[in-house]
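Heads up, the thing below is written out as structure tokens.
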Protein chains: 2
Amino acid sequence: MSRTTVSNAYNRPDQLSPELRRRVLETARRLGYPGPDPVARSLRTRKAGAVGLLLTENLSYAFRDPAAVGVLEGLALACEDAGVGLHLVPASPGREDVAAVHRAGVDGFVVYSVPDDDPHLAAVMQRPVPTVIVDQPRIEGIDRVGPDDAAATTEIAQHIVSLGHRQVGVLCMRLARERNDDFVPPERQSSAHFHVQRIRLEALATAFSAAGVDWSTVPVVERFDHTVDDGASAARQLLDAHPQVTALICTSDILALGAMAEASRRGLRVPADLTVTGFDGIAEAERAGLTTVHQPVLEKGKAAGKLLLGSADRLAPKIITLKTELRVGSTSGPPRTIEQPWFGP
Amino acid sequence: MSRTTVSNAYNRPDQLSPELRRRVLETARRLGYPGPDPVARSLRTRKAGAVGLLLTENLSYAFRDPAAVGVLEGLALACEDAGVGLHLVPASPGREDVAAVHRAGVDGFVVYSVPDDDPHLAAVMQRPVPTVIVDQPRIEGIDRVGPDDAAATTEIAQHIVSLGHRQVGVLCMRLARERNDDFVPPERQSSAHFHVQRIRLEALATAFSAAGVDWSTVPVVERFDHTVDDGASAARQLLDAHPQVTALICTSDILALGAMAEASRRGLRVPADLTVTGFDGIAEAERAGLTTVHQPVLEKGKAAGKLLLGSADRLAPKIITLKTELRVGSTSGPPRTIEQPWFGP
DNA sequence: GTGAAAGCGCTAACAA
DNA sequence: TTGTTAGCGCTTTCAC
């Protein structure tokens, strides 16, 4: 019996008689043949049947951030719909080993939130397969899915300005691949390799400058790791040095939750003594009443998957901008006022 | 120039002069050669550089359950350490399409919590690659990682018995591939295709029978989907029919959290009016003070990954039993008592 | 409905 | 140090 017949038995049942097919499969089982080798088939058909996901955030933090989990879930859902696997590429912030990217047998990549100078990203760009980037970085000619960070951040800023705050502080996620758990000088802000963070800081700078605040005096504290505890320690560092601050703007809900914990530790009431805002709109933040920008993270992941899987015969790169919504909660209010002496009648 | 030299330039830098290597890579770039094709390489080397994960729980629920996320994270960590990818096989409870399993280019599979009659599982077992099963099912000759469910459940049962409860109810996860959001007759309990659930129910039956409770009178409610809301509705269904119940034993923390929500909705105080227990020891449950069995989910995932990745030249199958710990919280207490008339002096 | 032959792109022996 | 050769296991024309 020829190889063709066997191959047909597995892949195109309509090309041979049911009887013969049955016999082939039966014989295969008897001989312990496990069915066509997926790798050899992929080589031949030029289809790996999998999508690669490049994510350079530390996995432990990624899985603890509902925003990231939402993206992952949406992407996995899109893959499931299409019947293709989702291949998580092993890559962590410190790791310089790019081989895993080269070794991944995938039909395309989704890149989620990596710095523009990441070597893994460079390796992905070298692979001759379609790529979709979620959030960051922005690369000319590459499909992208993400919110309008500048617009959303501007909304937050204007909300805070309109409440009357002029003494604000900012807590942001890491701006580059090198750790800097400290205040951020202006040049580091403007040269940040994490596009999203840079855009958000720029939007804040613009909005507050317009409101008459000298941005160079606004303290910005950065944290490399993305955990609630890091948010708390960042808030501590900022408030210790700048106790006059009346509002803490955080570039993520995770950091904001940490800031709220620190506020409570110091006996500061939110929002009476301190306004705190976040970004993402994760469930825990909503439960805490956090004022934040909600973005549809599940849709983000799904959109990325669909874009990639449907990118076969497309010419122009596609940019999908997700809707965001400012959700004012109970953590933002007017700044505390210094008691005025009362000159009564 | 020969193919060997090019191949060496990429894979064994030490086999040629740095100068030549540089020239090869330079030329490759100029010619737009993207580097060795990973699929072809895998075919040749017989190494896919990836581990497959089979998970037939609905992804949305899986990602919402911290216990499942913990396992996933641990596994991903182990893969990262080894520099291999983690390939999520597209499979959901309803889906009968097993092709994705055959199509996955992986060096081995981790199977996480699937029923013993799942067709995807059967497909995995046919593949000539090593397999590790996490939690369930138990299959002769296959590596397994999981807790001692019987022992852990017995501990919980004895805790509740010793508090004095004799009127108990049980909330459990799905017992088979067909949906049954309802009470569970005895034969369905004993023939459950989800091994873990079956073992836990059996352990409860044994422990309560020993305490003089007729197990056939104990109401058990099943839910197909694993969400807090389903836990709440299951508790409602059970308490509506059996208001005399003083303790609700849940086979997962997620269900238990739902049960607590329902208790509060009905105005029942926990534990004064109703004792609630869970299983898993997820963070949210601990914050809620839930009495539960803690299991190290991250370690579970890690252990599975290491076992699989190191299973090369092992002869006997390996079983890793994880330590669990009964954590008595503030949701379990003595049963409510009927007010006794007071015959004073 | 079935079989023969070509070749996907690569790596590993081995030879030079 | 470099080149030659032989497949890895499969699918796909194409002829029968």
Side-chain angles (χ1 to χ4, degrees), chain A residues 1-29 31-50 52 83-85 98-108 123 126-129 312, chain B residues 1-29 31-50 52 83-85 98-108 123 126-129 312:
Chain A
M1 177 171 307
S2 84
R3 309 160 60 138
T4 311
T5 311
V6 177
S7 176
N8 280 339
Y10 281 98
N11 302 319
R12 0 192 53 176
D14 50 315
Q15 295 298 303
L16 39 67
S17 66
E19 158 57 12
L20 178 57
R21 181 172 136 89
R22 199 196 48 68
R23 234 178 59 221
V24 171
L25 265 38
E26 156 65 25
T27 311
R29 189 150 32 78
L31 264 46
Y33 174 73
D37 178 296
V39 175
R41 164 189 277 161
S42 289
L43 175 59
R44 185 62 236 241
T45 60
R46 315 265 54 201
K47 286 245 142 291
V84 306
V98 160
V101 173
H102 292 126
R103 230 181 287 278
V106 298
D107 300 319
Q126 264 167 35
R127 294 275 309 258
V129 292
Chain B
M1 175 171 310
S2 85
R3 309 160 59 141
T4 309
T5 311
V6 177
S7 176
N8 279 340
Y10 281 97
N11 302 320
R12 357 193 55 175
D14 50 314
Q15 295 298 301
L16 39 67
S17 66
E19 156 58 12
L20 177 59
R21 180 173 138 90
R22 200 196 47 68
R23 236 178 58 220
V24 172
L25 266 37
E26 156 66 25
T27 311
R29 188 148 33 78
L31 265 45
Y33 173 74
D37 178 295
V39 174
R41 165 189 278 162
S42 290
L43 175 59
R44 186 59 239 241
T45 59
R46 318 263 52 199
K47 287 242 141 291
V84 306
V98 159
V101 172
H102 291 125
R103 230 181 287 279
V106 299
D107 301 319
Q126 262 167 36
R127 294 274 309 256
V129 293

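Bear in mind that the values here come from a model prediction, so they are computed numbers and not experimental data. Numbered from 1 within each chain, the chains take letters A, B, ... in sequence-line order.
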Q) Does a distance-only test, which skips hydrogens and angles, find a donor-acceptor pair under 3.5 Å between the side chain of A:Thr4 and the base of D:dT12? A) yes
Q | Residue pairs fulfilling salt bridge (Lys or Arg N to Asp or Glu O under 4.0 Å) with at least one residue in residues 31-43 of chain B, sequence neighbours excluded | A | A:Arg46-B:Asp37
Q: Work out which heavy atom in A:Arg127 is nearest to a heavy atom in B:Pro38; give both atom names and the distance.
A: NH2-CG, 3.3 Å
Q.
Tell me the closest heavy-atom pair linking B:Asp107 and B:Gly49, and the distance in Å.
A. OD2-N, 2.7 Å
Q: Look at the side-chain N and O atoms of B:Asn8 and state whether any lies under 4.0 Å from the OP1 or OP2 oxygen of C:dT11.
A: no
(Q) Just the rounded figure in Å: distance from C1' of C:dT11 to CZ of A:Arg103. (A) 13 Å
Q | Reported OG-to-CZ distance for the pair B:Ser7 and B:Arg12, which is rounded to 0.5 angstrom | A | 8.0 Å
Q) Rounded to the nearest 0.5 Å, what separation is found between the NE2 atom of B:His102 and the CG atom of A:Asn11? A) 11.0 Å
Q: Report the residues that fulfil side-chain hydrogen bond (donor to acceptor under 3.5 Å, both in side chains) with A:Arg29, sequence neighbours left out, ordered by chain and then residue number.
A: A:Glu26
Q: Name the nucleic acid region contacted by A:Tyr33, choosing base, sugar-phosphate or nothing; use a 4.0 angstrom heavy-atom cut-off, strictly under.
A: sugar-phosphate
**Q.** DNA chain D contacts among residues 14-24 of chain A, heavy-atom distance under 4.0 Å
**A.** none
Q. Can you tell me how far the OG1 atom of A:Thr4 sits from the CD atom of A:Gln15, to the nearest 0.5 Å?
A. 11.5 Å
Q.
Can you measure A:Lys47 atom NZ to C:dG9 atom C1' for me and round it to whole angstrom units?
A. 16 Å
Between protein and nucleic acid, restricted to nucleotides 6-8 of chain C and to nitrogen or oxygen atoms under 3.5 Å apart, what atom pairs and distances do you find?
| from | atom 1 | to | atom 2 | distance (Å) |
| --- | --- | --- | --- | --- |
| C:dG7 | N2 | A:Arg44 | NH1 | 3.0 |

Q.
With a 4.0 Å cutoff (strictly under), does any side-chain N or O of A:Thr5 reach OP1 or OP2 of C:dG3?
A. yes
Q: Check the distance between D:dT13's P and A:Asn11's CG and give it to me in whole angstrom.
A: 13 Å
(Q) Please confirm whether the shortest side-chain N or O distance from B:Ser7 to OP1 or OP2 of C:dT11 is below 4.0 Å. (A) yes
(Q) Please give me the minimum heavy-atom distance between B:Leu43 and A:Ala40, naming the atom from each residue. (A) CD1-CB, 3.6 Å
Q.
If the condition is side-chain contact (heavy atoms from CB on, under 4.5 Å), which residues does B:Leu25 pass it with, not counting sequence neighbours?
A. B:Ala9, B:Tyr10, B:Arg21
Give me, pair by pair, the N or O atoms of the protein and of nucleotides 14-16 of chain C that are less than 3.5 Å apart, along with how far apart they are.
none

Q | Nearest-Å distance for atom pair CG/P, residues A:Leu31 and D:dG9 | A | 15 Å
Q. Short question: side chain of B:Arg103, backbone of A:Gly83 - any donor-acceptor pair under 3.5 Å?
A. no
Q) Going through the distances and angles, do A:Leu20 and A:Thr5 end up as a side-chain contact (heavy atoms from CB on, under 4.5 Å)? A) CA-CA 9 Å; A:Leu20 178 57; A:Thr5 311; 3.7 Å; yes
